[in-house]
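Some notes on the structure that comes next.
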Protein chains: 2
Amino acid sequence: MSKVRIGIAGYGNLGRGVELAIRQNDDMELAGIFTRRDPASLKPLTAGAPVFSIDEIKSKQNDIDVLIICGGSATDLPKQTPELAKYFNVIDSFDTHARIPEHFANVDKSAKENGHLAFISLGWDPGLFSLNRLYAESILPNGKSYTFWGKGVSQGHSDAIRRIEGVKRGIQYTVPIEAAMDAVRSGSQPDLTTRQKHLRECWVVPEEGADLAKIENEIKTMKNYFDEYDTTVNFITEEEFEANHNKMPHGGFVMRSGFTGDGENTHQMIEYSIKLDSNPEFTASVLICYARAMARLRSEGATGCKTAFDIAPAYLSPLSGEELRAKLL
Amino acid sequence: MSKVRIGIAGYGNLGRGVELAIRQNDDMELAGIFTRRDPASLKPLTAGAPVFSIDEIKSKQNDIDVLIICGGSATDLPKQTPELAKYFNVIDSFDTHARIPEHFANVDKSAKENGHLAFISLGWDPGLFSLNRLYAESILPNGKSYTFWGKGVSQGHSDAIRRIEGVKRGIQYTVPIEAAMDAVRSGSQPDLTTRQKHLRECWVVPEEGADLAKIENEIKTMKNYFDEYDTTVNFITEEEFEANHNKMPHGGFVMRSGFTGDGENTHQMIEYSIKLDSNPEFTASVLICYARAMARLRSEGATGCKTAFDIAPAYLSPLSGEELRAKLL
């Protein structure tokens, strides 16, 4: 059996996560890393891993079965995924929920016109959380769904903190509020405000002599980022920051509270949760098992754009249908 | 859009659950209930629902799109599902894990030979729990999976209690042990014995004058049922039993603890759980959304036997692909 040859386009945290995930799957191999930086400046985790300029990528069409595009959703992926789908079977983790229909249409057109297969918006949200929303809502049509995120680092909110005058380093954790989750689990189907669902917890290393009260106030009142939340701001030393806040944990919960039977007396609760020490490594692990599905679906002739909703679960596993039925069903 | 016409074969708790689940889904309709009992003796929950003898079922081939077989796994389904797959597209909830490969082969042969589609082993375990095992193991290949059941009624164990002399009524709850689940969540990947994973909690109404110590001892030492577990036996009055133990709650947890990256420092945890007021009504709700998938796959020409592993999630939802991407992705 030949291995699935994976290309990685973009070598940030997610790209490195994909590189590590390939090592955990015997049926995958790293065919190349493509970067916008000078390839010679890149130090891959895998000794001898081939690194190329992204400008050379079109010449590698015959060397790559699945290209995993590890750019950002704001500006990279809307351009890269449709463009690269002309030349490769591609996977991305596009996560701007509101723009998914538009992104899907663009990628679908490009992939279909060029006889390629594309999976978009994979990872955990969108991705695994979306799957759980779909399964749970299909099973319990009379019900209400809830998604909570965290505890985990929000890159956007951390960036916002760091732009404030007097902040040397800063990180923000989104924290789901336990009381709100318990209310959901009780079957009361509460209507929850933004403030009732999540806290925002900030850890800041101030510049020497900075006005701490002013920083705290600026964070807490920042429009669109913090003003609708209960926010805590903690000032710490650079040493503490290095020791305790240099990881990228995340997680979250998808819940469906529903009623079956006659009336609304029989409560049924479905809950899915993840708790991640490393958000990018986990996301990468999701992408890699979908790369397996892509290789199989491509060999069946599939083209165009698909999401996690369109892919039968069996395609993700290295086990055969027989093995799956015997071991996991 | 014509509705999916559902037949129900077997009218016990699960069959009644299917009848109730049909009402929650506008695209489904109840085409007939088939029973081994005298049809005139049956009182369906739905006024005017057509009830037939199971002996008449072959004559109803043109009236039913999907037949949901609600028999037991021990003796009914191994015979009924392959036999009825000759005449109908069928769904069952066969749950004897060890015999699934054999059941699959029998049903697949029958369905294929007769141009029908069959889904077996649907519900929550096998079913949703199996799906979660598959997704989680595919994403985190370096890891360990755990399934916990309960708190919920085990029919087999309740039956075993009721066979003991001096027991008037009895029910048994399987209870997952919180400390074991917390050990799993910690990432320590413990090896857990049967006794460490679940407790067995029994509630017994004794006959007048029965020897309670003897009953308790017989329960706790019963081979294959209780001897490998820590078991509690509580004696209660018939009134208490009626008031507190006449429901069929159940639930459980599927957990995957895995490591990504280099070495085993980065712990990633996936957890899926359900908490059900009614086990049969929930199982029925799963079967009904797979009936929707069956109608769609059948219209695409699919035949043979499939499990939850083989069915793309989008087929379960009444929403279109566009709607799903806009609302749930």
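Note on naming: letters A, B, ... go to the chains in the order of the sequence lines (proteins, then strands), and numbering restarts at 1 for each one.
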If we define contacts as heavy-atom pairs under 4.5 Å, which of [options] has the most with chain B?
{"options": "L134(A), I100(A), V286(A), L316(A)", "value": "L134(A)"}
{"options": "T307(A), L276(A), D125(A)", "value": "L276(A)"}
{"options": "P101(A), S278(A), A136(A), P126(A)", "value": "S278(A)"}
{"options": "S130(A), P313(A), S138(A), A312(A)", "value": "P313(A)"}
{"options": "L128(A), L287(A), I274(A), I288(A)", "value": "I274(A)"}
{"options": "S317(A), S285(A), S273(A)", "value": "S273(A)"}

Inset, instruction - Using non-hydrogen atoms and a 4.5 Å limit, figure out which bit of R256(B) sits close to chain A: side chain, backbone, both or neither. - result: neither
Inset, instruction - Heavy-atom distances under 4.5 Å only: say whether N132(B) touches chain A with side chain, backbone, both or neither. - result: side chain
Legend entry - Ring-ring centroid check W149(A) H250(A), cutoff 6.0 Å: no
Inset, instruction - Please determine if R325(A) forms a cation-pi arrangement with F104(B), meaning its NZ or CZ atom is less than 6.0 Å from the six-membered ring centre and no more than 45° off the ring axis. - result: yes
Can you name the nearest heavy-atom pair linking [X] to [Y], along with the distance?
{"X": "S110(B)", "Y": "P82(B)", "answer": "OG-O, 2.6 Å"}
{"X": "A293(B)", "Y": "I311(B)", "answer": "CB-CG2, 3.9 Å"}
{"X": "A111(A)", "Y": "A118(A)", "answer": "CB-CB, 4.2 Å"}
{"X": "P141(B)", "Y": "N25(A)", "answer": "CG-OD1, 3.7 Å"}

Toward chain B, the part of [X] with a non-hydrogen atom under 4.5 Å:
{"X": "L131(A)", "answer": "side chain"}
{"X": "D310(A)", "answer": "both"}
{"X": "L319(A)", "answer": "neither"}
{"X": "L328(A)", "answer": "both"}
{"X": "A326(A)", "answer": "both"}
{"X": "H267(A)", "answer": "both"}
{"X": "Y290(A)", "answer": "side chain"}
{"X": "A98(A)", "answer": "neither"}
{"X": "I139(A)", "answer": "both"}

Quick one: do [X] and [Y] make a salt bridge, cutoff under 4.0 Å?
{"X": "D26(B)", "Y": "K3(B)", "result": "no"}
{"X": "D27(B)", "Y": "R292(B)", "result": "yes"}
{"X": "R16(B)", "Y": "E19(B)", "result": "no"}
{"X": "E322(B)", "Y": "K327(B)", "result": "no"}

Legend entry - Among Y135(B), Y272(B), Y315(B), residue most engaged with chain A (heavy-atom pairs, under 4.5 Å): Y135(B)
Inset, instruction - Would you confirm whether R133(B), through its side chain, and L329(A), through its main-chain N or O, come within 3.5 Å as a donor-acceptor pair? - result: yes
